Amino acid sequence: MCGIVGYIGYEQAAPFLLGGLEKLEYRGYDSAGICLHDGQELVVKKAKGKLEELKKLTDNGACLQGTVGIGHTRWATHGEPSDVNAHPHLSDSCRFAVVHNGIIENYLQLKDYLMSKGVSFRSKTDTEVVAQLIEYYDEGDLVDTVIKVLAKLDGSYALGVISKDNPDEIIAVRKESPLIIGIGEHENYIASDVPAILAKTRKIYRLENNEIAILRRDSVQIINTDKEPVTKEIETVNWDIDAAEKGGYEHFMFKEIMEQPKAIHDTIAPRIKDGKIVLDEIHLTAEQIRSFRKINLLACGSAYHVGVVAKYVFEKLLRIPVEADLASEFRYRDPIVDEHTLTIVISQSGETADTKEAMKEAKRRGSHVISIVNVVGSAIACESDDVIYTWAGPEIAVATTKAYSTQLAVIYLIALHFGELLGTLAPEEYSRYVEELQTLPDKIGQILKNEEKVQYLASQLFNSRDVFFIGRNIDYALCLEGSLKLKEISYIHSEAYAAGELKHGTISLIENGTLVIALATHEPLIAKTISNMEEVRTRGANVLCLACEDHPEVEKVAQNTIYIPKACDMMLPSLAVVPLQLFAYYVASLKGCDIDKPRNLAKSVTVE
Ligand code: G6P
């Protein structure tokens, strides 16, 4: 959600800025812009729509000269997507330019104040107040002025600032929104995320809250808001550069679906030694684990859906009550949480604003927090008590696939580990489950080999107007993800329904030809799900059933069937999600949708 880049060096800045913004497209945006110091003044070019528009406008950057500049992809919050609302924003007399990710919550008061002082505004954004405040409070020293302005701001921000009077500096600062500094040879960079700078450098600083970076061509200085120097370790990013590229695939989403066997293997293999799960990352004694009376799972989007699967898994294996909560709801409902509650926070990006705040709320109430995070060094990873990283590698497509799968794998690791410690799992059961877990990558590999069947079904069904996903128990948890995947990338209306709830409303929506995707993998309830399939079929539904290969009886009711290999019940979501991801992918592809960057969506939701 909003991407920031910045360059200061001896080369032309525009090519880096445009290239960097392209690498941040995955974050979601609806306009883009860049601002360069051309030796005389600040020159801004902005365009609504895709980055292509900005590239056309600037002749791929060729029409903008300058060796210092900032750029931005904007995901509209305050003010519609438009050229004028796009960043960078200039101050009244065009002496300062600002890019911003986050929300300035008190911008209306600040704007009123500035307008009463005669400042005129061009845009409807919250960000413009930052540029205007810098000019209003300017007394010559940009760092001093930025510090003064920060004290006036409520909310979250990652900011990049340049000044007409000082072509030799970029000032960068963050609070709650992510920002990294890339360290190059005679050039330095700012960016919202690593892919933007990976082609240039692997050496980075991760700015912490309220740290200010002063970038010059040959130096980076980091200070706090009292102007004291901050000593930081340089981090070396060890990502394979190809991991952040499409590598011959048409879309990142497809590549990431295909990467799931490896991602799951990389996530579980280092944590299983001689048939035993070793989770050194969790700093809890068996005694502490025994003292938990409840587990809370907090997350947003697909990560929340992992939480819903986890509820079934933990309650079955640990016999501890579990609540899976949407982070945005949890944080505002005065939750009942104390030191006897274990909180597990799930987030691919580690930056989702609601998840981060929900985590803080749980911590404030005395809960121990374990996070499951993909992005190393992200805010949630740093602020939780323990972090278990998913080793999915960079996930670029907005719709998550491999991060979801690796999060699920970590849930199994935790559940089995705790089950063994608490004695709720018999040793032979434990060993059997650990073995099962290790077979998941191969079984997913088999499903991926047979993806043509899913592609064929997508070609038959992609014109559906409404789709209902039904299932019971852990299948229902997976329906939530299957339905989200389909709607977010294909724009087909779809709903996930607990199959047992159908008769309480949804069945009235079933008409001739309505597509119902029935998940019938959960062995103890297959017969019941088949009854529900019959109920919708009788009313004209077109039923596509997803079942394990040893349950061909579903074909008696379903018009179409997708089979997955057998596995223990609780791990079946890891297998069943794959055909659902592929189905969503192919449907979206046939409908000509922008698969990796669906409209209105952002990968990293850094505002609430
Ligand atoms: C966005 C993404 C989803 C993701 C959700 C939570 O909506 O598009 O794929 O599940 O945010 O993000 P997180 O980074 O916290 O997992």
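Here the structure is a predicted model, which means the values were calculated and not measured. Atoms within each ligand, like the ligands themselves, are counted from 1 in listed order.
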Test item, A602 contacting ligand 1 (heavy atom, 4.0 angstrom): yes

Only heavy atoms of A303, strictly under 4.0 Å: list the atoms of ligand 1 that pass. 10 (O), 16 (O)

Check this for me - ligand 1, T355, N or O atoms closer than 3.5 angstrom, yes or no? no

Ligand-residue contact atoms, ligand 1 with Q348, heavy atoms, under 4.0 Å: 13 (P), 14 (O), 15 (O), 16 (O)

If you measure every N or O of E488 against every N or O of ligand 1, does any of those distances drop under 3.5 Å? no

Whether D596 side chain and F252 backbone form a donor-acceptor pair below 3.5 Å: yes

Should the heavy atoms of other residues, nucleotides or ligands under 6.0 Å from CZ of R333 be counted, would the total exceed 12? yes

Relative to the heavy atoms of K603, which atoms of ligand 1 are at a distance of less than 4.0 Å? 1 (C), 2 (C), 11 (O)

Quick one: which ligand 1 atoms are inside 4.0 Å of a heavy atom on S349? 13 (P), 14 (O), 15 (O)

Protein contact to atom 13 (P) of ligand 1 [nearest heavy atom, distance to 0.1 Å]: T352 OG1, 3.2 Å

Report the nearest protein non-hydrogen atom to atom 4 (C) of ligand 1: residue, atom name, distance rounded to 0.1 Å. S302 N, 4.2 Å

Minimum heavy-atom distance between T355 and L298, given as atom pair plus value: CG2-O, 4.1 Å

Where is the nearest protein heavy atom to atom 6 (C) of ligand 1: which residue, which atom, and how far? C300 O, 3.3 Å

Heavy-atom contact check, 4.0 Å cutoff: does S604 meet ligand 1? no

Proximal atoms of ligand 1 relative to S347 (non-hydrogen, under 4.0 Å): 13 (P), 14 (O), 15 (O), 16 (O)

Could you establish whether V398 and ligand 1 come within less than 4.0 Å of each other, counting only heavy atoms on the residue side? yes

Could you list which atoms of ligand 1 come closer than 4.0 Å to a heavy atom of T400? 9 (O)

